[in-house]
Protein chains: 2
Amino acid sequence: MTEPTPRRAPAGAAVLREDVTEAIRAAVFEELAAVGFARMSIEGIARRAGVGKTAVYRRWKSKLSLVLDLVGAFAAQGLPAPATGSLYGDVRALLEVASHALRHPVASQVIPDLLVEAARNPEIAEAVTAALLDGQQGVVTQIVREAAERGELPEDTDPGRALDLVVGPLYWRLVVVRTPLPPGYVDDLARSAVAALKA
Amino acid sequence: MTEPTPRRAPAGAAVLREDVTEAIRAAVFEELAAVGFARMSIEGIARRAGVGKTAVYRRWKSKLSLVLDLVGAFAAQGLPAPATGSLYGDVRALLEVASHALRHPVASQVIPDLLVEAARNPEIAEAVTAALLDGQQGVVTQIVREAAERGELPEDTDPGRALDLVVGPLYWRLVVVRTPLPPGYVDDLARSAVAALKA
DNA sequence: TCACGACGATACGGTTGCGTTCCGACGTGG
DNA sequence: CCACGTCGGAACGCAACCGTATCGTCGTGA
């Protein structure tokens, strides 16, 4: 007489298993990309990760804290500021990194999804701001400051507006319009952004 | 003996009542802004509109067709193209209209929510594109063409990229960053966009 | 005048996810 | 060597919403 139901795989030990934790993390990103934060469920995450619901609840107390934790981990990474020696070079490098990130299929779904959710949930707003916006703002602020020191930009250039001019068009194109970028688009965009900043 | 439960209000006639239809429409926008498309339910709409679920199902067969119908109604309106006689004036007028729309609390929630949903649902994508993006693209295309005729822009200016440069920064600022606009921001942005286009 | 059909209300069975609680299996650290 | 605590799995009661059906009420158009 064989087992009527297939026996489950060997279980863990008296310590949270890191491979299980990692599987959950990965599943959250996939689920977030596939259905969005609003539709995402703990059951769906556990199903996708191939773990029990209990494994999730043992680590996080809710869907929100789970996502906040993951987003926070992103924030800790930080974003390296380019220092190419010219405003155009710096802007172009920043746009290159950003366009690479926003073309990633998971990121291009997750980021706007969380941004929309942030408009309804202050906790998400804070986490996303810290993870994405603050980093970009910091980089742009530094780029502007260095350009001002070189005399490429006026001293009183507003870094906030600079961020809008540099990142706004790319985000609009990649996330809102969602049309493929023609060759040389990022270069053209960097050129346009520099012209806009100097105006 | 009085009524144990309060009797319901007088009911309708053998024709779909327009006031009920309108109440549902309004409730959909409010619900869409409050909880988003993903979380929105027919029951919630009926509750908010103060009507029975049947009144909704009598008009639309699903949440999706309901939203598609409403979005489609927006598309029909069309967007007037400014003709101020100068590229700066036209761009400024367009940004003025757009910033006014995106500052409306309902629109600033509903539009990005539907755009995110559009990335997952082709039907929503088509409706939103027709309702919002095509209109804006058309206006920008005309503005660019007229500016080219005046010699303000090169003949080969790409209208698609022009839309990115004009609308992108404003959308980023109002919908993504969600920071209040300083005085004169739209004027500065129009100036910057014109400089970017000419570069 | 009166049949028709929309109205709100209510109830139905079904589905999904919630958060919790068991369970037996299992491996690690004391 | 063995107690501890995690493992996946299963089931729990609860809540919300689905889409449909059936009420009695009531206004309109023929």
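Here is the naming used below: chain letters follow the sequence lines, and residue numbers restart at 1 for every chain.
The distance from atom CG of A/Leu66 to atom P of C/dG17 is 16 Å, rounded to the nearest whole Å. The CG-P distance, from A/Leu64 to C/dG19, rounds to 11 Å in whole Å. Rounded to whole angstrom, the span from the CH2 atom of A/Trp60 across to the C1' atom of C/dG19 amounts to 17 Å. Protein atom CG of B/Asp19 is 13 Å distant from nucleotide atom P of D/dG27, rounded to whole Å. Atom CG of B/Leu16 and atom P of C/dG5 are 12 Å apart (whole Å).
Of the residues in residues 20-32 of chain A, those placing a heavy atom less than 4.0 Å from an atom of DNA chain D are A/Val20, in numerical order.
Without hydrogens or angle criteria, A/Arg59 side chain to A/Ala55 main chain gives a donor-acceptor distance under 3.5 Å.
Counting heavy atoms from C-beta on, the side chains of B/Val67 and B/Leu114 come closer than 4.5 Å.
The ring-ring contact (aromatic ring centres under 6.0 Å, His included) check on A/Phe37 picks up nothing, with sequence neighbours excluded. By the side chain to side chain contact (heavy atoms under 4.5 Å, CB included) test, A/Arg103 pairs with A/Ser99, A/Leu174, A/Leu181, sequence neighbours left out.
Here side-chain hydrogen bond (donor to acceptor under 3.5 Å, both in side chains) pairs that include residues 67-79 of chain A, with residues two or more places apart or in two chains, are A/Trp60-A/Asp69.
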Query - A/Asp164/B/Leu189 under side-chain contact (heavy atoms from CB on, under 4.5 Å): CA gap, chis, key distance, verdict - result: CA-CA 9 Å; A/Asp164 303 346; B/Leu189 190 54; 5.7 Å; no
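Considering only side-chain atoms of A/Arg17, the nucleotide from D/dC7, D/dC4, C/dG8 that sits closest is D/dC7.
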Donor-acceptor pairs are to be reported for all side-chain atoms of residues 122-129 of chain B against protein atoms at under 3.5 Å, with residues two or more places apart or in another chain.
| residue | atom | partner | partner atom | Å |
| --- | --- | --- | --- | --- |
| B/Thr129 | OG1 | B/Ala125 | O | 2.7 |

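Between B/Arg161 and A/Ser192, the side chains place a donor N or O and an acceptor N or O closer than 3.5 Å (distance only, hydrogens not considered).
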Protein heavy-atom contacts under 4.0 Å, written 5' to 3' over nucleotides 15-22 of chain D as B (base), S (sugar-phosphate only) or - (none), form the string --SBBBBB
